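Contents: one structure, followed by commentary.
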Amino acid sequence: MKNIKAFIFDLDGVLTDTAEYHFMAWKRLAEEEGISFTRQDNEQLRGISRRDSLKLLLKGRRLSEEKMQELMDRKNGYYREYIKAISEKDLLPKAADLLNDLKARHYKLALASGSKNAPQVIDRLGIASFFEVIVHGGSVEKTKPAPDLFLHAAEKLGVAPQFCVVVEDAKAGIDAAKSAGMATIGIGPPERVGAADLIYPSVADIRLGDVS
Ligand code: BG6
Ligand code: MG
């Protein structure tokens with residue numbers, strides 16, 4: 001990791017624990033549809049799009065496009081119900097301190113979430129003003145693990161990929177950042193983010209001295 005000029009943050013599971021709300025919403029849908037869905041199954045869904053998540057949840061069952069759409073809409077309705085309660089208190093510990101610190105050190109900051117709900121979540125968390133660029137699930141066609149979302153963020157920031165570091169909690173996100181040619185900070189257990197250049201249990205543990 002050398003000459004880093006920009007930090008690109010994932011949202012769900014990095015700055016706030018919406019990963020739990022995604023899980024609750026999928027679980028509720030799965031129960032209604034008589035499909036078994038465990039917390040372990042949910043681990044594979046971390047970071048990936050709504051449609052790809054549904055495909056994994058269906059475990060090979062084939063449904064009409066209309067039914068797929070109905071299931072995705074229903075899940076999203078539940079998710080939106082859960083995120084209504086989000087406020088500044090739901091920022092993970094030290095997340096705001098880290099963003100302030102990075103600003104003070106003149107790093108450029110972007111947010112790149114695979115979620116189409118990211119703009120609402122960021123507003124509720126009160127962190128929109130930290131980011132020069134915000135891109136989300138609706139900004140590109142192919143989201144994580146494709147590199148497109150991160151490349152789009154870097155382009156909008158005006159920083160070449162090799163000078164960007166991505167902060168991610170999902171394997172799909174680390175894979176996406178690596179394909180984009182960016183440095184990576186993994187948040188979570190090594191079983192999940194082991195491919196990252198630096199790994200910490202949470203954003204509160206990031207030591208900026210490790211990044212140069
Ligand atoms: C990611 C989450 O940020 O967004 C995934 O980690 C989620 O769990 C994906 O499936 C898409 O979110 P949404 O809100 O567009 O359904
Ligand atoms: Mg995430």
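Every value quoted in this text rests on a predicted model; they were computed, and no experiment measured them. One-based numbering, in listed order, for ligands and for the atoms of each.
Inclusion of Ser115 in the set of residues having an N or O under 3.5 Å from an N or O of ligand 1 is warranted. When only interatomic distances are considered, the shortest N/O to N/O separation between Asn117 and ligand 1 falls below 3.5 Å.
To the nearest 0.5 angstrom, Arg74 atom CZ is 4.5 Å from Glu33 atom CD.
Legend: protein N/O/S atoms lying under 2.8 Å from the Mg ion (ligand 2), waters omitted, number 3.
Lys108 contributes no side-chain N or O that, together with a main-chain N or O of Glu132, makes up a donor-acceptor pair within less than 3.5 Å. At distances below 3.5 Å, not a single donor-acceptor pair connects side-chain atoms of Thr184 with backbone N or O atoms of Val166.
Counting heavy atoms from C-beta outward, Asp41 and Lys59 have side chains that approach closer than 4.5 Å. By the 4.5 Å heavy-atom criterion applied to side chains, Phe7 and Ile185 are counted as neighbours. Using a 4.5 Å heavy-atom cutoff, the side chains of Asp17 and Asp90 are not in contact. Taking 4.5 Å as the limit, every side-chain heavy atom of Glu43 sits out of range of all side-chain heavy atoms of Glu191.
Taking Ile, Leu, Val, Met, Phe, Trp and Tyr as members and joining any whose side-chain heavy atoms lie under 4.5 Å apart, directly or through other members, the hydrophobic cluster of Val193 also contains Ile174, Ile199.
Residues Val165 and Leu151 do not share a hydrophobic cluster, clusters being chains of Ile/Leu/Val/Met/Phe/Trp/Tyr side chains in contact below 4.5 Å. Placement of Leu58 and Tyr79 in two distinct hydrophobic clusters is found when ILVMFWY residues are connected by side-chain heavy-atom separations under 4.5 Å, directly or transitively. In the hydrophobic cluster analysis, where Ile, Leu, Val, Met, Phe, Trp and Tyr join through side-chain heavy atoms closer than 4.5 angstrom, Ile8 is grouped apart from Ile127.
The protein heavy-atom contact nearest to atom 3 (O) of ligand 1 is Asp12 OD2, 2.7 Å. From the protein, the heavy atom lying nearest to atom 16 (O) of ligand 1 is Arg50 NE, 2.6 Å. Looking only at protein heavy atoms, the nearest one to atom 15 (O) of ligand 1 is Lys116 N, 2.7 Å. Atom 5 (C) of ligand 1 has as its closest protein heavy atom Ile48 O, 3.4 Å. Residue, atom and distance of the protein heavy atom nearest to atom 6 (O) of ligand 1 are Gly47 N, 2.9 Å.
Under 4.0 Å from ligand 1, the heavy atoms of Ser113 that appear belong solely to its side chain. Of all the heavy atoms of Thr18, none lies under 4.0 Å from any atom of ligand 1, so neither backbone nor side chain is involved.
Note on ligand 1: Ser53 sits in its first shell, one or more heavy atoms being nearer than 4.0 Å.
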